[in-house]
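Within every chain, numbering begins at 1; the chains are lettered A, B, ... in the order of the sequence lines, protein sequences first and strands thereafter.
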Protein chains: 2
Amino acid sequence: MLYTNSVVGRPARIDRTQVLAEALALADEHGLEALTMAGVAERLGVTAMALYRHVANKADLLDGVVEALLTEFPPPPAGLSWSDRLGLLAGNIRASARRHRSVFPLLLQRPATTAEARHTRDAVYRALGDAGVPDDRVAQVERLVSTAVLGFALSEAAGRFRDHSRRQLDADFDALQALLSKFIESEAANEAPLRLVEPSDHDVS
Amino acid sequence: MLYTNSVVGRPARIDRTQVLAEALALADEHGLEALTMAGVAERLGVTAMALYRHVANKADLLDGVVEALLTEFPPPPAGLSWSDRLGLLAGNIRASARRHRSVFPLLLQRPATTAEARHTRDAVYRALGDAGVPDDRVAQVERLVSTAVLGFALSEAAGRFRDHSRRQLDADFDALQALLSKFIESEAANEAPLRLVEPSDHDVS
DNA sequence: ACCTGAACACCGTTCAAGT
DNA sequence: ACCTGAACACCGTTCAAGT
């Protein structure tokens, strides 16, 4: 009768946040194939079945781990210039991919509709707006920019650039950001070298 | 004693190529989690254990499936312009990603050192050379271009653009290619707006 | 040489039972 | 309310045995 937190029962020894944190740490240390229910439970000093009180099943555990990972990049401070904000966002995404090589690729497979994901996209929208990209182009420019940064982060995390030095990878990432900045500026200047989105849908037979 | 293909034994009912083809088809139809040894075997009218004569284990099966997928984009005809060749390569990659949504992401995880992968990269190298990109910039430009195209193909395959129309996705992909073409041309013109690769490694303390 | 049946380890998941 | 033991289905993999 030491229990104080509920009508009848025992105090919780673990909670969802701990489960997700240990799952992420386990994957970081030993790879995705080591991320089993039993493995996570062992780190918490508990049996595998105990986890089912905190996650619905393994898919839910993986979703939660991805969400925990997304928590790591908060929106950049509003005081900075648009290009500094984008640079910060891109750098955070790349750093997260490097820290969590095995889990990061799950970002692709899992729903991108989470709150965290939307916050990041909104931060990019604001930066593009501040850069002067016309409202009707912001969404497409965001998709291209995000896709390119994600592609780089995924490639690096998956080890496609295994043979390259850290310096070379940093130089590549800088080059990618420079390319994207030039693109954004040309969109802002309304140079619009090509008609990228059809203004109306005439001629759809 | 109908057997003619070896000293003693029975004729093979299945071979590696068939195993990989059925594995790819199974994943295309029912997703990656349906891609089990037993599932592949069933499609071939054989038991799961029979597969081990043709693939070393499941990891080898997955490697083989990815390689089978890579076979689908042959090097573009040498007669075409560099930009047509790059456009063809990019289009083939995107089409393959759309056809094989669940297997395509494995491209990231698996070794990129296969013969097919090298052929594709060499084709890009030749196109960039023909475009006039200086020799010492070709490798980095290839990494950025390939990364961006791969990022788009992966995002689309994984369903990140689920809510967008086919027309919108086509427009996005065209925009990406236009952006990359502009980038390549600016590299070729030696405009080099930024120092992207350090020419020598002075000042490394 | 190629395939199968039996057998095993491992993993996700359930459910009734303990505190 | 929270955790455990027993139990099950499923999957990858082995090995000796069949043709």
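Under a 4.0 Å N-O distance rule, the pair D130(A)/R85(A) qualifies as a salt bridge. The existence of a salt bridge linking D60(A) and R16(A) is confirmed by a sub-4.0 Å separation between a basic side-chain nitrogen and an acidic carboxylate oxygen. Note on R166(A) versus E156(A): no salt bridge recorded, every NZ/NE/NH1/NH2 to OD/OE distance being 4.0 Å or above.
Computed from coordinates, the K58(B) NZ to dC10(C) P distance equals 18 Å when rounded to whole Å. Between the CD atom of E33(B) and the C1' atom of dG12(C) there is a distance of 14 Å, given to the nearest Å. L35(B) has its CG atom 11 Å from the P atom of dC11(D), to the nearest Å. Rounded to an integer number of Å, the gap from CZ of R16(B) to P of dA1(C) is 19 Å. In this entry the distance linking CE of M37(A) with P of dC3(D) reads 13 Å, nearest Å. The separation between D15(B) atom CG and dA1(C) atom C1' is 14 Å, rounded to whole Å. Distance Y52(B) OH to dT4(C) P: 14 Å, rounded to the nearest Å. Taking atom CG of L51(B) as the reference point, atom P of dT14(D) lies 13 Å away to the nearest angstrom.
Within a 6.0 Å sphere centred on CD of E29(B), heavy atoms belonging to other residues, nucleotides or ligands number more than 12.
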field: DNA chain C base-pair string [pairs: Watson-Crick or G-U under 3.5 Å; |: paired with another strand]
entry: ||.|||||...|||||.||

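Of all non-hydrogen atoms in V65(A) and A23(A), the two that sit nearest each other are CG2-CB, 3.6 Å. Closest approach of A34(B) to L26(B), counting heavy atoms only: O-CD2, 3.5 Å.
Geometrically, R94(A) engages F173(A) in a cation-pi contact, judged by NZ or CZ lying under 6.0 Å from the ring centre and within 45° of the ring axis.
Put simply, H54(B) has no side-chain N or O that comes within less than 4.0 Å of OP1 or OP2 on dC2(C). Phosphate contact (OP1/OP2 of dT4(C), side-chain N/O of T47(B), threshold under 4.0 Å): present.
Across dT14(C), dC3(D), dT4(C), the shortest atom-to-atom separation from the side chain of R13(B) is found for dT4(C). Side-chain atoms of N57(B) lie closest to dT13(D) of the nucleotides dC11(C), dC3(C), dT13(D). Which of dC3(D), dT4(C), dC15(C) sits closest to the side chain of M49(A) comes down to dC15(C). The side chain of R53(A) lies closest to dC2(D) when the candidates are dC11(D), dC2(D), dT13(D).
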